[in-house]
Amino acid sequence: MVEKRTPIPVEEAVQKVMESEIVPKTKWVSIEKAYGRYLAEDVKADHDVPPFDKSPYDGFALKAENTKQATREHPVTFEVVGEIGAGSVFEGEVEDFQAVRIMTGAKIPDGCDCVIMLELTKEKRKNNQVYMEITRSLKKGDNISLQGEDTKKGNSLVKKGTFINPGVSALLATFGYSDVPVAKKPVIGLLATGSELLDVSEPLEPGKIRNSNAYMVLAQIEKAGGEAKYFGKFSDDFEDCLEAVENALSEVDILITTGGVSVGDYDYVPKILEKLGASVLFNKIGMRPGSVTTVARLGNKLYYGLSGNPSACYVGFELFVRPVIQKSLFHPRPHLRKTKAVLGADFPKPNPFTRFVRAKLEEHNGRYTVIPSGLDKSGVVTSLADASAFIVLAGGTRGYEKGMEVDVLLLEDWIGSEWPWNNIVPSYR
Ligand SMILES: Nc1nc2c(c(=O)[nH]1)N[C@H]1C(S)=C(S)[C@@H](COP(=O)(O)OP(=O)(O)OC[C@H]3O[C@@H](n4cnc5c(N)ncnc54)[C@H](O)[C@@H]3O)O[C@H]1N2
Ligand code: MOO
Ligand SMILES: [Mg+2]
């Protein structure tokens with residue numbers, strides 16, 4: 001007798017995996033290695049930026065008050081009493097009708113309250129003393145970057161869980177983080193099952209295909225922020241697979257297998273889980289593709305049986321593994337972000353279950369359009385390379401037409417969502 005499985009709604013399945021306790025941990029990495037990691041602490045300004053009033057131009061610093069009378073006809077002359085480049089400080093106080101030659105980034109000397117650009121001045125020399133002439137008046141504060149104008153001491157700048165992009169790296173450097181507290185990457189083990197699987201380097205043989213899922217999922221793990229650990233591919237042999245799963249589990253936080261998850265004669269995942277005494281969270285979801293995605297708990301570890309079909313495997317990872325990884329990286333919005341777009345092609349297939357169509361998001365005249373990026377079948381591999389979104393078609397609908405607005409989940413996005421599963425546009429006809 002074939003096992004009968006009861007499907008649960010997608011959002012319920014997501015909820016169940018999110019209840020798992022993969023406790024986020026912190027580690028310190030050097031700032032050079034921080035790009036692409038996730039912050040484990042909030043970053044606050046511990047000093048003003050800039051930390052002193054500084055010149056945004058190469059020019060002369062002086063007192064605005066002294067420039068009041070300056071016109072083209074009546075230039076005003078200043079005695080140049082010093083010269084400073086960025087990093088140097090003018091010692092002493094600047095007096096009336098004195099100026100300091102100052103370069104971009106240098107601290108404004110005491111007594112000065114404005115800067116005039118070099119191009120607007122004329123230098124003169126008399127008895128070995130340098131003078132400078134200006135023909136326009138300036139106001140107090142002209143051409144000065146004020147202390148704290150960028151940010152003030154105490155301001156909260158980026159939150160824990162933020163993806164460290166180049167801009168965040170600049171902030172970390174500004175505030176002295178030579179070592180950065182980042183979320184420790186959860187270790188995600190992967191093994192591929194299937195007697196039909198060839199290594200990537202092997203030539204094709206009748207009845208066999210190359211193992212593409214492993215390399216796809218390894219990349220998905222890295223993209224989601226996890227550390228991938230690949231245990232190789234295994235033929236459909238119960239004992240071998242059981243042993244491989246048992247060994248792998250001891251080395252990882254989460255274990256993923258691909259294939260063997262359905263009801264076939266050589267689909268051993270259900271039997272392996274039974275043998276290991278795992279607590280199965282679900283083994284059927286009301287969705288296409290990926291309906292057979294199975295998740296189980298083994299102690300404090302999660303086990304994912306992703307489908308062998310490439311598109312189903314891909315979708316299963318993005319919906320159920322990715323948010324768990326993101327949560328363990330302190331990300332406050334761990335799910336794929338949902339937005340709306342216009343369907344760029346008819347989709348006449350009925351959808352008894354919620355459907356996730358791999359699609360390409362494009363901009364046309366300022367509006368976002370989505371079109372399926374290939375054949376919409378679970379076993380298809382070629383639709384994935386171009387997929388930048390999933391079109392989400394609610395279950396119980398009977399097809400969608402070009403021009404309709406649909407929900408989409410974004411695959412190339414760093415903002416994320418707290419919970420995208422409410423208000424999926426239910427039915428158009
Ligand atoms: N009688 C039924 N048959 C099937 C059902 C069902 O409910 N009743 N479900 C179908 C659905 S839906 C899916 S999805 C697949 C799930 O298959 P499995 O997870 O058991 O995976 P396999 O049987 O091992 O392989 C399926 C398919 O995928 C190819 N594959 C497997 N591994 C890889 C890999 N690493 N790289 C590339 N391609 C891979 C494999 O060759 C098969 O073609 O079951 C349906 N059947
Ligand atoms: O799980 Mo299967 O991928 O629904 O197509
Ligand atoms: Mg199977």
Side-chain angles (χ1 to χ4, degrees), residues 1-10 13 189-202 204-221 228 230-238 240-241 244-245 248 255-273 280 282-296 303-321 349-358 372 374-385 387 390 392-393 395:
M1 252 285 275
V2 175
E3 176 203 0
K4 183 112 182 63
R5 300 185 185 179
T6 314
I8 64 168
V10 184
L190 172 68
L191 45 99
T193 70
S195 300
E196 73 280 32
L197 301 179
L198 296 168
D199 276 332
V200 177
S201 57
E202 286 184 279
L204 285 182
E205 310 171 19
K208 310 255 178 181
I209 57 163
R210 293 197 183 95
N211 168 17
S212 60
N213 285 351
Y215 303 94
M216 174 181 82
V217 175
L218 288 173
Q220 286 179 294
I221 293 170
Y230 184 42
F231 293 92
K233 67 175 175 64
F234 294 83
S235 291
D236 293 314
D237 177 279
F238 174 68
D240 284 357
C241 288
V245 165
L255 183 65
I256 298 174
T257 58
T258 80
V261 84
S262 189
V263 294
D265 294 348
Y266 309 104
D267 289 339
Y268 289 125
V269 168
K271 208 166 141 194
I272 290 171
L273 292 178
V280 176
F282 50 84
N283 60 13
K284 193 87 181 168
I285 310 163
M287 64 186 269
R288 286 284 186 281
S291 62
V292 296
T293 307
T294 296
V295 181
Y303 172 95
Y304 287 82
L306 297 183
S307 165
N309 276 328
S311 284
C313 183
Y314 186 95
V315 172
F317 181 96
E318 293 300 319
L319 299 192
F320 306 111
V321 188
K349 262 200 237 179
N351 307 290
F353 300 105
T354 310
R355 192 185 291 278
F356 297 89
V357 184
R358 284 73 60 211
L375 196 58
D376 185 63
K377 285 179 92 174
S378 176
V380 161
V381 70
T382 57
S383 61
L384 299 170
F390 293 147
V392 187
L393 304 179

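First listed ligand is number 1; within each ligand, the first listed atom is number 1.
The atoms of ligand 1 that sit less than 4.0 Å from any heavy atom of V263 are 1 (N), 2 (C), 8 (N). Residue contact check: S378 has heavy atoms under 4.0 Å from atoms 14 (S) of ligand 1. Residue contact check: K284 has heavy atoms under 4.0 Å from atoms 7 (O) of ligand 1. For ligand 1, the atoms sitting less than 4.0 Å from at least one non-hydrogen atom of D267 are 20 (O), 23 (O), numbered in the order shown with element in parentheses. Atoms of ligand 1 lying under 4.0 Å from at least one heavy atom of G259, given by number and element, are 19 (O), 21 (O), 24 (O). Numbered from 1 in the order shown, with element, the atoms of ligand 1 that lie under 4.0 Å from a heavy atom of S291 read 12 (S). Close approach of ligand 1 to S307 is summarised as follows: ligand atoms under 4.0 Å from at least one heavy atom of the residue are 14 (S), 16 (C), 19 (O).
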* Tell me, with the steps shown, if R355 and D376 meet salt bridge (charged side-chain N to carboxylate O under 4.0 Å, His left out). => CA-CA 10 Å; R355 192 185 291 278; D376 185 63; 3.1 Å; yes
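At a 4.0 Å heavy-atom cut-off, the residues surrounding ligand 2 are R288, P289, G290, S291, V292, A312, S378, listed by chain and number.
Heavy atoms of D236 found under 4.0 angstrom from ligand 1: none, in either backbone or side chain. Both the backbone and the side chain of V261 come within contact range of ligand 1, each with a heavy atom under 4.0 Å. Residue contacts with ligand 1 for N309 involve both N, CA, C or O and side-chain atoms from C-beta outward (heavy atoms, distance under 4.0 Å).
For the pair D237 (side chain) and D240 (backbone), a donor-acceptor distance under 3.5 Å is present. Distance alone, capped at 3.5 Å, is enough to place a donor-acceptor pair between the K208 side chain and the S195 backbone.
Considering all non-hydrogen atoms of both residues, P9 and I285 come closest at C-CG2, 4.2 Å. Residues V217 and C313 come closest through the heavy atom pair CG2-SG, 3.7 Å.
Aromatic ring orientation, Y314 versus F390: perpendicular (interplanar angle above 60°, classes split at 30° and 60°).
No side-chain donor from either of Y266 and S235 sits under 3.5 Å from a side-chain acceptor of the other.
Residue A192 places no N or O, backbone or side chain, under 3.5 Å from any N or O of ligand 1.
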